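Note sheet for the following structure.
Owing to the predicted nature of the structure, the values given are computational and were not obtained by experimental measurement. Residue numbers run from 1 in the order of the sequence given.
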Amino acid sequence: MSIYDFNAKDINGKDISLSKYKGKVLLIVNTATGCGFTPQYNALEALYKKYEEKGFEILDFPCNQFGKQAPGEDHEIKDFCEINFGVSFDQFSKIEVNGKNEHPLYTYLKSRKGGILGNKIKWNFTKFLINKNGEVVARFAPNVKPENIENDIIKLL
């Protein structure tokens with residue numbers, strides 16, 4: 001099993017097979033528009049622009065489970081990210097990353113790379129790095145800045 005076995009709704013509500021990303025290096029991030037880490041969108045976008053042509057993708061999964069910091073509908077989140085941070089990487093519909101209603105993709109990600117809280121996501125902007133074979137190779141805490149994982153991304157490209 002790999003991340004390619006999962007589907008998710010994009011920010012516009014279209015069902016997307018993650019097999020679309022086969023052969024690419026991915027950074028999967030649960031985000032929020034009203035979080036202290038929200039400015040990380042700037043660094044995420046910079047990484048995306050820098051490595052997109054080399055086969056790097058960012059998959060943004062908004063989540064409102066932590067302090068209700070991702071309020072609003074999907075279209076509002078999309079507009080906020082485009083206007084304030086120029087986000088051009090792929091965004092998905094708001095999901096849950098912990099608990100009985102968590103998205104199956106996150107169940108899988110957490111089973112491959114547990115964190116400080118075991119198989120729970122601690123907060124917004126937890127990052128999972130995926131290699132070109134769809135394998136989870138690293139997990140980064142919310143306080144790890146995207147620019148600090150650039151070398152990890154380069155190694156996989």
Side-chain angles (χ1 to χ4, degrees), residues 1-22 24-45 47-48 56-82 84-85 87 89-131 133-150 152-153 156:
M1 182 169 240
S2 76
I3 63 129
Y4 305 135
D5 296 313
F6 296 94
N7 288 356
K9 292 209 179 297
D10 72 10
I11 199 92
N12 298 312
K14 182 180 177 190
D15 199 41
I16 303 292
S17 169
L18 297 189
S19 65
K20 161 186 176 178
Y21 300 101
K22 277 187 179 175
K24 303 213 177 211
V25 172
L26 306 176
L27 190 65
I28 299 176
V29 187
N30 65 295
T31 62
T33 53
C35 175
F37 296 119
T38 300
Q40 287 188 18
Y41 270 120
N42 282 321
L44 289 168
E45 180 64 17
L47 279 176
Y48 176 65
F56 176 63
E57 296 284 341
I58 295 175
L59 309 186
D60 172 7
F61 287 89
C63 177
N64 198 37
Q65 284 187 287
F66 306 101
K68 306 282 186 220
Q69 294 180 343
E73 300 297 321
D74 287 345
H75 70 276
E76 294 170 313
I77 292 170
K78 179 182 177 184
D79 290 347
F80 174 87
C81 291
E82 287 175 356
N84 293 291
F85 301 102
V87 166
F89 48 79
D90 289 351
Q91 293 185 287
F92 290 81
S93 187
K94 196 183 323 183
I95 63 167
E96 291 187 14
V97 298
N98 288 328
K100 64 179 180 168
N101 295 319
E102 73 186 28
H103 193 283
L105 171 63
Y106 268 80
T107 304
Y108 175 78
L109 293 170
K110 295 184 299 182
S111 76
R112 295 299 182 260
K113 291 289 178 188
I116 294 170
L117 300 176
N119 279 350
K120 291 197 186 265
I121 300 294
K122 181 179 179 181
W123 201 256
N124 305 308
F125 288 88
T126 297
K127 302 156 201 74
F128 289 91
L129 188 60
I130 315 298
N131 69 17
N133 297 318
E135 300 162 333
V136 184
V137 296
R139 176 178 174 160
F140 301 95
N143 63 340
V144 175
K145 296 176 181 178
E147 57 268 29
N148 293 340
I149 61 176
E150 184 172 3
D152 297 287
I153 293 165
L156 296 177

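- The backbone N or O of N133 sits less than 3.5 Å from a side-chain atom of N131, completing a donor-acceptor pair.
- Residues meeting the side chain to side chain donor-acceptor pair (under 3.5 Å) test with D10, sequence neighbours left out: none.
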Next item on the list: Tell me, with the steps shown, if V97 and F61 meet side-chain contact (heavy atoms from CB on, under 4.5 Å).
Entry: CA-CA 9 Å; V97 298; F61 287 89; 5.7 Å; no
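- Heavy atoms only, all atoms of each residue included: G134 and Y4 are closest at N-OH, 3.2 Å.
- Remark: P71 pairs with T33, N64 by the side chain to side chain contact (heavy atoms under 4.5 Å, CB included) rule, at least two apart or across chains.
- By the side chain to side chain donor-acceptor pair (under 3.5 Å) test, S93 is found to be paired with D74, residues two or more places apart in sequence or in another chain being considered.
- The two residues P39 and C35 make their nearest non-hydrogen contact at CD-O, 4.1 Å.
- Pairs of residues two or more places apart, or lying in two chains, that qualify as salt bridge (Lys or Arg N to Asp or Glu O under 4.0 Å) and include a residue from residues 90-107 are K20-D90, E102-K110.
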Item checked: Chi angles and distances behind the side-chain contact (heavy atoms from CB on, under 4.5 Å) call for I121, R139 -> CA-CA 10 Å; I121 300 294; R139 176 178 174 160; 3.7 Å; yes
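- With sequence neighbours excluded, the residues that form a salt bridge (charged side-chain N to carboxylate O under 4.0 Å, His left out) with K24 are E57.
- Taken from CD1 in I3 to CG in L109, the straight-line distance is 7.5 Å, to the nearest 0.5 Å.
- Ring pair Y106/F128 is perpendicular by interplanar angle, where above 60° counts as perpendicular and below 30° as parallel.
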Next item on the list: Carefully, step by step, assess L59 and L27 under the rule side-chain contact (heavy atoms from CB on, under 4.5 Å).
Entry: CA-CA 6 Å; L59 309 186; L27 190 65; over 6 Å; no
Checklist line | Worked check of side-chain hydrogen bond (donor to acceptor under 3.5 Å, both in side chains) between N98 and Q65 | finding: CA-CA 8 Å; N98 288 328; Q65 284 187 287; 5.0 Å; no
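- In this structure, OH on Y21 lies 6.5 Å from CD1 on I16, to the nearest 0.5 angstrom.
- Under the rule for a ring-ring contact (aromatic ring centres under 6.0 Å, His included), the partners of F66 that lie at least two apart in sequence or sit in another chain are W123.
- Remark: E82 CD is packed, more than 12 non-hydrogen atoms of other residues, nucleotides or ligands lying under 6.0 Å away.
- The distance from the NZ atom of K68 to the SG atom of C63 is 9.5 Å, given to the nearest 0.5 Å.
- Classification of the Y48-F89 ring pair by plane angle, with boundaries at 30° and 60°, yields perpendicular.
- Partners of E150 according to the salt bridge (charged side-chain N to carboxylate O under 4.0 Å, His left out) rule, which considers only residues two or more places apart in sequence or in another chain, are K50.
- Partners of T31 according to the side chain to side chain donor-acceptor pair (under 3.5 Å) rule, which considers only residues two or more places apart in sequence or in another chain, are Y41, D60.
- E45 places no side-chain N or O within 3.5 Å of a backbone atom of F85 that could act as its donor or acceptor partner.
- Between L18 atom CG and I130 atom CD1 the span is 9.5 Å, to the nearest 0.5 Å.
- The structure places CG of L129 at 6.0 Å from CD1 of I149, a figure rounded to the nearest 0.5 Å.
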Validation: residues 140-147 side-chain donor-acceptor distances under 3.5 Å, sequence neighbours left out:
none

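- Annotation: side chain to side chain donor-acceptor pair (under 3.5 Å) contacts of S2 (sequence neighbours excluded): none.
- One finds the CG atom of N7 at 11.5 Å from the NZ atom of K14 (value rounded to the nearest 0.5 Å).
- When the ring-ring contact (aromatic ring centres under 6.0 Å, His included) test is applied to F6, the partners found at least two apart in sequence or on another chain are Y108.
- Between D5 and M1, the shortest heavy-atom contact is OD2-CA, 3.2 Å.
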Next item on the list: Evaluate the criterion side-chain contact (heavy atoms from CB on, under 4.5 Å) for residue pair Q69 and T38; output intermediate values, then yes/no.
Entry: CA-CA 10 Å; Q69 294 180 343; T38 300; over 6 Å; no
